[in-house]
Each structure stands twice: as C-alpha cells, then as structure tokens.
Peer 1: 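Quick one: structure below, then a few questions.
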Amino acid sequence: MVDQLDELLVCRLDTRRKAVEPCTIVIFGASGDLTSRKLIPALYHLHVINQLPSPFRVIGFARREKTSDVWRDELLEDLKTFSRGKNLDFSDWPEFARGLFYCQGGFEESESYQKLAQQIGDADHEALRRNVIFYLATAPTQFAGITERLANSGLLRKEEQPGGWLRLVVEKPFGRDLISARQLNSDLARFTSEKQLFRIDHYLGKETVQNILMFRFSNSIFEQLWNRQVIDHVQITVSEKLGVGARGGYYDESGALRDMVQNHLLQVMALVTMEPPVSLQAEDVRDEKVKLIKSIRAPDCGETSFCAVRGQYVSGVIDNQPAPGYRQEPKVDPQSNTETFVAMRLLIDNWRWSGVPFYLRTGKRLPLTSSEVRVQFRSTPNVLFAAQCGPRLDANALTLRLQPNEGISLHFNGKVPGTSLEIRPVKMQFDYHAEFGAYTPEAYERLLLEVMAGDPTLFIRRDEVEAAWSVVDPLRQAWSGKPLNESEFYKAGSWGPP
Ligand code: BG6
C-alpha cells in the first residue's frame, strides 16, 4: 500500500525534455586527461544504458600522430582505470569503439581543419554531418584560436542551418579574470551565438547539486526557513585529499581561487541562495542565478579589512602516507606563491540574505575529500536550556552532502533517555544510495546529454561568468605580487592555515 502511494507521488518533469539527436562530437584535446578520464567514460556509460543517440560518432582531434585503432586501445585501458562502475561490463566496448575516430592535427594549422572537415563529411548518415558538437578540452589559451579556425574553415557557423545544428562546448576556466573573460566572450561571440555556446562547470551536472533547487523549491518546510531571520550562517566546503598531481603546470597559473571558487563554489552558493525562478526554463533559472551573483558584495580587501585566507600546502602525511609539498610537485615553480587553499566570508546584499555570512572554503591536500553545504540556523533564545547549556547546546543545522556519501542530514537536539536531564544533538538522515540504489550518473554524462539536446540550463551564461569574476577579482588583485608569509603554509593532511 505504502509503495503504491509512493509510486503515485512521483512527478516526472523530465518527460518534456527534448530527445537527443544523432550527431558527431569532435573533441579537441583528444589525448588529454579530461578526454580519457571523464568524457569517454561518460559517453561509454551512456552507450551502455542506451541513452546515446543513434547513430553517434566521436572524432578525437589532437597533435600526436596515431591511428584510430591505437586511440581506441588507449581509451579502453583508461576506461578500465577511471570508470566509475566497479563492475562495469566491457562487452559493449567493440560496438561503441566503432564510432570513435582519430584525426591528427595541430590546433594552429589550417590544413588540419580541412582534414577534419573531410572526416566530418565522410559519414554515411546525414545527421552525423549536419549536427556537430565541437568540444574544447584544451588549454584555455587555445579556445579563441580554435574557434576562429573552425569558423574560417567553414566548420562553425553562427547562422542556423536548416536541418542541422552546430554547438561549441568550452571547458573551464573561462578566462583568468573579468577582463580576459570579457575578451574571450567577445572573441567567441564573433563566431557563435550565445545559443550555440555551452560553458561547462561540471558541478552543475552533479546529481546532488541539481537537487539543491528541487530540495529548496519542492519542500515548503525548508523554504520557509531559508532567510536571514532564521539562518545564522552558511558554510560551503569543497575539500580534497588529492594534491595537484600531474596538473601542476595548469594549476600553478590558476590557484584555488580561479580553479574552484570562481566557478564551482560560487555556483553552489548561487543555487543555495537564489530566488525561485519563474519557470524551469534555462533563461529563467539563469536570470535568477546571475541576479544573485551580482548581489554578492565584492570582498573589501583594503589594507586593514579582513578579506580572505589563502594557504599553500607543505609536505605532510595523508592516510599514513607521506605527501610532498606543493612547491615540490612536478611542473610547479619551486618558489611558487600560488594558493592551494582559500577560505573567505561573503555577504549578499539582498532582502533575503542581508547580514548572513557565507563561509566558502576549499583546498587541496586536506584530511578529507568532501563537498558539502552546511546551513546553520540561529540558536534558540537564551532562556531554559540555552541559558544553562550555553555553547554546549548545538544550534540546528541542515547539511547537504554533495559528495561522497551523498545525502542530506538535519541536526537537532534531543533528550538523552534516562532520569537526568541531558540534551544532545541527534541526526535525521537521507542517504541517496540507501534510497535510490547505487546508480548516480557522473556529471559529464548529464552534461553531454544536455548539449546533445541543446538545453543550456546547466551551463554558464555570458553575463554569469563575468559576474562571477567580479566577485573574485578583488581578492586576486589583493594577493597578486604578495609572497606567502609563514602563517599561510599548512601541512598536507591538515585543515589549512590557522
Ligand atoms: C576541477 C578542478 O574543476 O574540479 C580540480 O580543476 C578539482 O582541481 C576538481 O580537483 C574537483 O571536482 P570533483 O568533481 O572531483 O569534486
């Protein structure tokens, strides 16, 4: 009976989602980590669960000389290492791999684009020639050049062509600051319309991040509490055990502020704090996010005011294993002042959130890999228990656990059974895996499907990326040229600088 009722109460909004159409996806940077660790595993999973359009084709474009067969073999090896499913069955691989092709070429050579054009045109099925996604998984400095060459070679056109579409996917980071992001936006806008352009922030493809809006706007009990009268502060944490690994070259130019705060943390913050959109249409959702990001007060980094904490890891121990310091990582400048940790306090100047501090914190080589949002409610009035227990009486909190152990928990106080009067915090928990089973799609699976369907809701709009840079730029400027001081170093395996 209960099961039947539960079944009746499922609301499937997705039934109105556009179907994905047969297409070719051209990946620039086909030999890179992102392709082998994220994009190909995501596409393979989609193939296994029959969600890819048919026919479908991938063309990997990269500098290194190799054949399609060699590329397929390399991808299979990486898939076995990086795939999310522990018991993944590879029996569908040969069929999937028949749709993978390699195109050797230099990003700066026009002849390579002619070769690519020929390869795209080679398909038997018309839709594979007419519907094309260009996915830029390259160094950010190459985004504008590749786009221009695609346009010059006739592969990318701004105008709609009858019976087909052309889309451009751009990885993060989108620019290095507001000025360069604006420049990149105008460079790309010369050759693509905003409708064709999909700026990725893979956090938006995470199941739990998407659930933030569902959770807030489908549950009246929480939405009533979501304001400055009831909430004391909010903490958004993305902590990682891993260091920079093989990405030292990229990371040293970027740092935690550009790599994580400008995009992932601000996106999560926007979803937690935005007003309800007038509909779930892409522009309505993105309008509200932009409005929110614009109302974040730019950090005041004057000489005397508190702005944010930055840090860099030195060698330490994680999981009983020695971990090298950041300056000793491959491709990192041994004198580097790049931050691997940021903690900051932000305020939102709008009606709902005025005066509520938002603490954002992210770092590498911290003791735990964990992303969560903790909404801390105000304490009870200082009478009865609070008067007697003082700081030992926990304030209520709601934790949205984004990863791992995805779920939501509500912390409140309860009486410890017994003859004495003891109060202690207890927890109510919702656990994704317990409730829905183990299948949680990877962020890239969802995002790739959305690009194929032409739905930009989960991608960053032009004004949004610029608004986000405006929030972090003052900090960047305040730190630039200032070497780290002693107190800004933290041991790998600790929770950051004091
Ligand atoms: C990427 C950053 O965007 O996100 C990485 O460039 C970071 O430095 C990663 O490790 C974290 O993503 P996830 O999905 O593992 O939380």
Side-chain angles (χ1 to χ4, degrees), residues 17-28 53 59 61 107 113 116-117 120-121 126-138 140-175 178-202 204-205 263 267 277-291 293-294 446-469:
R17 191 167 286 284
K18 269 199 280 170
V20 291
E21 293 171 56
C23 58
T24 296
I25 170 164
V26 180
I27 305 178
F28 285 83
I59 300 179
F61 185 96
F107 299 149
Y113 291 78
L116 177 64
I120 293 176
E126 198 185 344
L128 295 182
R129 300 192 296 267
R130 289 181 160 267
N131 299 337
V132 186
I133 297 170
F134 297 102
Y135 196 117
L136 308 190
T138 62
T141 47
Q142 289 162 328
F143 294 161
I146 294 175
T147 308
E148 182 165 2
R149 282 182 198 95
L150 280 172
N152 291 344
S153 59
L155 284 167
L156 183 61
R157 286 175 302 278
K158 217 169 172 175
E159 318 83 58
E160 291 277 312
Q161 42 168 19
W165 44 256
L166 299 168
R167 295 178 186 145
L168 185 71
V169 183
V170 184
E171 264 296 331
K172 67 165 266 282
F174 195 94
L178 177 58
I179 293 176
S180 56
R182 274 196 183 136
Q183 182 63 49
L184 182 55
N185 270 330
S186 21
D187 289 345
L188 300 184
R190 288 169 56 210
F191 310 111
T192 57
S193 65
E194 185 63 22
K195 205 172 141 231
Q196 292 171 284
L197 194 48
F198 293 75
R199 297 177 193 79
I200 287 239
D201 181 321
H202 79 279
L204 293 182
N263 33 74
Q267 282 297 318
V278 291
S279 83
L280 289 178
Q281 297 296 313
E283 294 325 318
D284 292 335
V285 173
R286 301 197 297 180
D287 281 349
E288 287 305 332
K289 275 204 288 161
V290 175
K291 197 168 103 195
I293 297 172
K294 283 186 174 166
R446 175 71 192 257
L447 294 176
L448 285 162
L449 280 181
E450 299 293 321
V451 180
M452 291 176 213
D455 186 335
T457 315
L458 299 179
F459 299 83
I460 313 293
R461 206 167 63 185
R462 179 175 185 157
D463 48 354
E464 191 173 358
V465 76
E466 294 181 5
W469 279 116

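Source: prediction; values computed, not measured. Only heavy atoms go into these numbers, but all of them, side chains included; no hydrogens, no water, no symmetry mates. The chain is numbered in sequence order, starting from 1.
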Peer 1: Can a donor-acceptor pair be found, under 3.5 Å and without considering hydrogens, that links the side chain of Trp469 to the backbone of Phe174?
Peer 2: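 Yes.
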Peer 1: Which distance, rounded to the nearest 0.5 Å, do you find between the CD1 of Ile200 and the CG of Leu447?
Peer 2: 5.0 Å
Peer 1: For Val132, is there any backbone N or O sitting under 3.5 Å from a side-chain donor or acceptor partner on Thr24?
Peer 2: no
Peer 1: So, using side chain to side chain donor-acceptor pair (under 3.5 Å) as the criterion, who are the partners of Lys294 when residues are at least two apart?
Peer 2: none
Peer 1: Would you confirm whether Glu466, through its side chain, and Asp463, through its main-chain N or O, come within 3.5 Å as a donor-acceptor pair?
Peer 2: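 No; judged by distance alone, with no hydrogens or angles, the pair does not exist.
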Peer 1: Got a salt bridge between Glu283 and Lys195, using NZ or NE/NH1/NH2 to carboxylate O under 4.0 Å?
Peer 2: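 A salt bridge is absent here (no side-chain N lies under 4.0 Å from a carboxylate O).
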Peer 1: Quick check for you: to the nearest 0.5 Å, what is the distance between Met452 atom CE and Trp165 atom CH2?
Peer 2: 8.0 Å
Peer 1: Kindly indicate whether the side chain of Leu166, heavy atoms from C-beta on, has any atom under 4.5 Å from the side chain of Lys158.
Peer 2: no
Peer 1: I'd like to know if the side chain of Arg286 and the backbone of Pro456 have a donor-acceptor N/O pair within less than 3.5 Å.
Peer 2: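 Yes; at least one donor-acceptor contact below 3.5 Å.
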Peer 1: I'd like to know if the side chain of Glu171 reaches the main chain of Ala137, judged simply by a donor and an acceptor atom lying under 3.5 Å from each other, with no hydrogens or angles considered.
Peer 2: no
Peer 1: Mind checking whether Tyr135 and Val26 have side chains closer than 4.5 Å, heavy atoms only?
Peer 2: no
Peer 1: Do Arg199 and Asn185 come close enough that some side-chain heavy atom pair is under 4.5 Å?
Peer 2: yes
Peer 1: With sequence neighbours excluded, tell me which residues meet side chain to side chain donor-acceptor pair (under 3.5 Å) with Arg182.
Peer 2: none
Peer 1: What residues, two or more places apart in sequence or in another chain, satisfy ring pair (Phe, Tyr, Trp, His ring centres under 6.0 Å) together with Phe143?
Peer 2: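 Expected list: none.
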Peer 1: Between Glu126 and Arg129, is there a salt bridge with N-O shorter than 4.0 Å?
Peer 2: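 Salt bridge between Arg129 and Glu126, a charged N being under 4.0 Å from a carboxylate O: no.
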Peer 1: Can a salt bridge be assigned to the pair Lys289 and Glu464 using a cut-off of 4.0 Å between side-chain N and carboxylate O?
Peer 2: yes
Peer 1: Show your working on side-chain hydrogen bond (donor to acceptor under 3.5 Å, both in side chains) between Asp187 and Gln183 and close with a plain yes or no.
Peer 2: CA-CA 6 Å; Asp187 289 345; Gln183 182 63 49; 2.9 Å; yes
Peer 1: With sequence neighbours excluded, give me every side chain to side chain donor-acceptor pair (under 3.5 Å) pair touching residues 141-153.
Peer 2: none
Peer 1: With sequence neighbours left out, write down each residue that passes side-chain contact (heavy atoms from CB on, under 4.5 Å) with Ala151, or none if nothing qualifies.
Peer 2: Phe191
Peer 1: Tyr113: which residues meet the ring pair (Phe, Tyr, Trp, His ring centres under 6.0 Å) condition with it, sequence neighbours left out?
Peer 2: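 Counting only residues at least two positions away or on another chain, Tyr113 forms a ring pair (Phe, Tyr, Trp, His ring centres under 6.0 Å) with Phe61.
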Peer 1: Strictly distance-based, threshold 3.5 Å: is any side-chain N or O of Asn131 a donor or acceptor partner for the main-chain N or O of Pro22?
Peer 2: yes
Peer 1: Considering only heavy atoms from C-beta outward, does the side chain of Thr457 approach that of Glu450 to under 4.5 Å?
Peer 2: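 A side-chain contact is absent here, since even the closest heavy-atom pair is not under 4.5 Å.
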